[in-house]
*Asks:* 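First the structure, then my questions, so here it is.
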Amino acid sequence: MEKRKFYYGTLLFGSLLMLSSCVDDNYDLDDIDTTTAIKFDNLVVPVNLESIYLDQVLKVDDEDPSNPVIIFTDGQGKQRYAIKKGGEFKAEPVFLKLLEATSYASVNSFPLPINGNQIQEITTEYEYLIGAGKVDNSIVRIYKMGLMNPMEINLEFKYSSSNNIPQITNLVLEIPESFTAYYKGAEFTNGEVGVDIVNGELDSPILVYAMDFGNGIEPSGEAGSKSLQFKGNIGIKSGTVNSSADGLMASFSMSPFTANEISGEINYEIETPEFEGISLEDLPDFLREGESSLIIQNPQLYLNFGNPTTADFYTSLIIEPIGNGGETLTFPMDGFSESVILAADYSFLPYVNEYPGAMYLNNEEVTSQLPYILYGEGLPEYINFSLGTSYIRGDVLNLTLGDELNIGGKYTFFSPLAFEASSRILYQKTETDFFGDDMEAVNVTNLELSAFPSTNLPFDLTLTVYPLNKEGNHIYSNGKEISAYGIVKANANGSEILDINLSTPFTGLDGVEYKVSAIFMDDEALSPDQFIKLDHIRAKVTGEYVTKL
C-alpha cells in the first residue's frame, strides 16, 4: 500500500485551528456549543497513480529454481508468461536374470547305419529344459540366445559288446543351422561340422555360443515359475569306417549352458520414476481467487527415458491438482521408444530440439482437458506429476541378461499461462492519507474521481473505486460497502477522461483503492508488458469539515 500526503486540506484545517486559539480564556465555554461546520465544494486532491504492469504483480525470480513462472518469447517474438518445471528422474534398473540350463540335454543314442564302409545320414532328437522359476517373468518370446557359458557338444561311439571301435574318418556332423558353433577355433554356421575322432570320441568338443530359434520359443507356466523347453535334431551327415561296424552305437552329449543375451520379446514392468511437481503456493492472490480461472494454454510435457533396450515404453501420465479438489487426469502414452512429447498444439514447441526423435502424442482428450487442470474455484497449491504402471514392452535385440540396465532421463513441463474465457482478474492499487490526520472529521456528501486511462489490453476493463478509512479498510454506510465504477475502453490511449462519482454520504475518508477488473472474451495469454495506467487523477471532495472552536 502506498502512502501519499497531500496538504491542501491541511492548510484549510490549520487556519480553522488558529481561529479557535483567539477565544478569551476568561470566558467559560463549557455550556456553549462550539461545534463549527465548514462547508466546501469540489476540493481537488491530485493523485498520481503509477502505471500498473503485470510484471509488478506476477513476479519472476530467475534466481529461485523452485519458482515455476518464467518469461519466454513466443513464435511471434512476443514475451509471455509460462509455467516451466523440469529435471532428471531415475527408476530402479532393469534386471533380467540369466537363463541357466543346469542339466545336460536329453539325447537318444542310436545305432550307426553303415553301407559298406560308408556311414549313412542319421539324426536324433535332443531336448533342453530350463526348469520352473529359472526363466525371468518378463520374457515373452525368445528368437535368439547368446551364451556366455557355451554349450559343449561331444560325440562318443560304442559297441554293444566290448569289441574295439573301428577307425572312423571323414566324419561330418549335423547340428542345427541356427547354432553359431566353433570347432578347433573355426566357426560353423551352416549346420555341418567336419570333426576328428580319436579313440572313439571327438578329439575336441564343438562349442556353441549362440542359438537361433527362428519364429521363437515361448516360456510356459505362471509368473514366478516360468520354464523353457526347446527341441531340435542333431546327427551324422557322413563318414567312413575302416572295418565292419555292425552294432556300433553313437551317443551325443550336450552340456549345460548359461545365456546372458537374448533377442526376443519382453514385457518388463519398470519401477515408476518419481517426478518433482509444481508448487503454486507463491503465485499472487489475484491469480488464486475464485474469480480467476487460470489455464495452461498450450501444455507440453517432454519426457525422455534413457532406453537401455530396443523395446518401447508403455505408460500413462497422471496429473493431480492438490488443494482445490480438482480432477485428476490420466493420459496414456503407449509405444514410444525413448522420447515422447505430449502437447495440445504443436505450432510452438520450444524444447523439441532437446528431445530428438521424439514421438508426438496429441488427441482430443489432451486438447480438451489438459488446458484446464488449473481451472476451478481458485488454483491448486500443487500440481503433482506421476507415471502410472510402466512397462518396457516389445521386441528387444541383444538384450543383456544378468546385469543392471539403468533407466533414467529428463523431463520438462512447459505451458504458457492464460486466463480462461470470461475469467475475471484484478489489478489493484491504493492511495491513503489524503489530508493528513484531519480528514476523518470530514462528512463527505460526494466524491468524484476523474482520470485519463490508457491500456494495451484488447478488451474493456471495469475500474472500481472504494473509499478507505484511516485503517485502510473499505468504508460502509448503513451496512453497505461504498463503491462506484467506470469502464475503461479496450486499448484506451489516455485521451479520454473517465469520471466516477460516489454520491452516498460517508465519513472517515482517508484514501481510495482502485481495482481494475478485466473480463476476458477469449483466452488471453499473459504478458509482462500488459498494463493499465491512470494519468492526471483528481479526487474532488464535497462536504463539510466539523470541529470544535
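Because the structure is a prediction, the values reported are computed rather than measured. Position 1 is the first residue of the sequence; numbering continues from there.
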*Asks:* Tell me whether the NZ or CZ atom of Lys410 lies within the 45° cone about the ring axis of Tyr355 and under 6.0 Å from its centre.
*Replies:* yes

*Asks:* Quick one: side chain to side chain donor-acceptor pair (under 3.5 Å) partners of Thr309, sequence neighbours excluded?
*Replies:* Asn307

*Asks:* So for atom NZ, which belongs to Lys489, do other residues, nucleotides or ligands contribute more than 12 heavy atoms lying within a distance under 6.0 Å?
*Replies:* no

*Asks:* Taking the side chain as C-beta and beyond, is there a heavy-atom pair between Ile392 and Ile407 under 4.5 Å?
*Replies:* yes

*Asks:* With Asn473, which residues qualify under side-chain contact (heavy atoms from CB on, under 4.5 Å), at least two apart?
*Replies:* Asn469, Glu471

*Asks:* Is Leu147 close to Asn260 at the side-chain level, that is, under 4.5 Å between some pair of heavy atoms?
*Replies:* no

*Asks:* Please examine the side chains of Phe213 and Arg141, heavy atoms only from C-beta on, and report whether any two atoms are closer than 4.5 Å.
*Replies:* no

*Asks:* Flag the pair Tyr391 / Tyr268 as yes when their ring centroid distance falls below 6.0 Å, and as no otherwise.
*Replies:* no

*Asks:* Testing the basics here: between Leu387 and Leu303, what is the closest heavy-atom pair and its distance to 0.1 Å?
*Replies:* CD2-CD2, 4.3 Å

*Asks:* So, using side-chain contact (heavy atoms from CB on, under 4.5 Å) as the criterion, who are the partners of Ser178 when residues are at least two apart?
*Replies:* Pro176, Asp212

*Asks:* With sequence neighbours excluded, what pairs up with Pro453 under the side-chain contact (heavy atoms from CB on, under 4.5 Å) test?
*Replies:* Val488, Leu498, Leu534

*Asks:* Applying side chain to side chain donor-acceptor pair (under 3.5 Å), name anything that partners Ser253, two or more places apart in sequence or on another chain.
*Replies:* none

*Asks:* Taking only residues two or more places apart in sequence, or in another chain, which ones meet Tyr466 in a ring-ring contact (aromatic ring centres under 6.0 Å, His included)?
*Replies:* His474

*Asks:* Would you check if Arg393 and Ile266 make a side-chain contact, meaning some heavy-atom pair closer than 4.5 Å?
*Replies:* no

*Asks:* Do the ring planes of Tyr182 and Tyr209 sit parallel (below 30°), tilted (30 to 60°) or perpendicular (above 60°)?
*Replies:* perpendicular

*Asks:* Does the side chain of Tyr411 come within less than 4.5 Å of Glu88's, by heavy atoms?
*Replies:* no

*Asks:* Do the side chain of Thr412 and the main chain of Tyr351 share a donor and acceptor less than 3.5 angstrom apart?
*Replies:* no

*Asks:* Does NZ or CZ of Arg80 come closer than 6.0 Å to the centre of the six-membered ring of Phe72, within 45° of the ring's axis?
*Replies:* no

*Asks:* Please examine the side chains of Gln300 and Leu349, heavy atoms only from C-beta on, and report whether any two atoms are closer than 4.5 Å.
*Replies:* yes

*Asks:* Pair Thr462, Thr464 - check side chain to side chain contact (heavy atoms under 4.5 Å, CB included), show working.
*Replies:* CA-CA 6 Å; Thr462 301; Thr464 305; 3.8 Å; yes

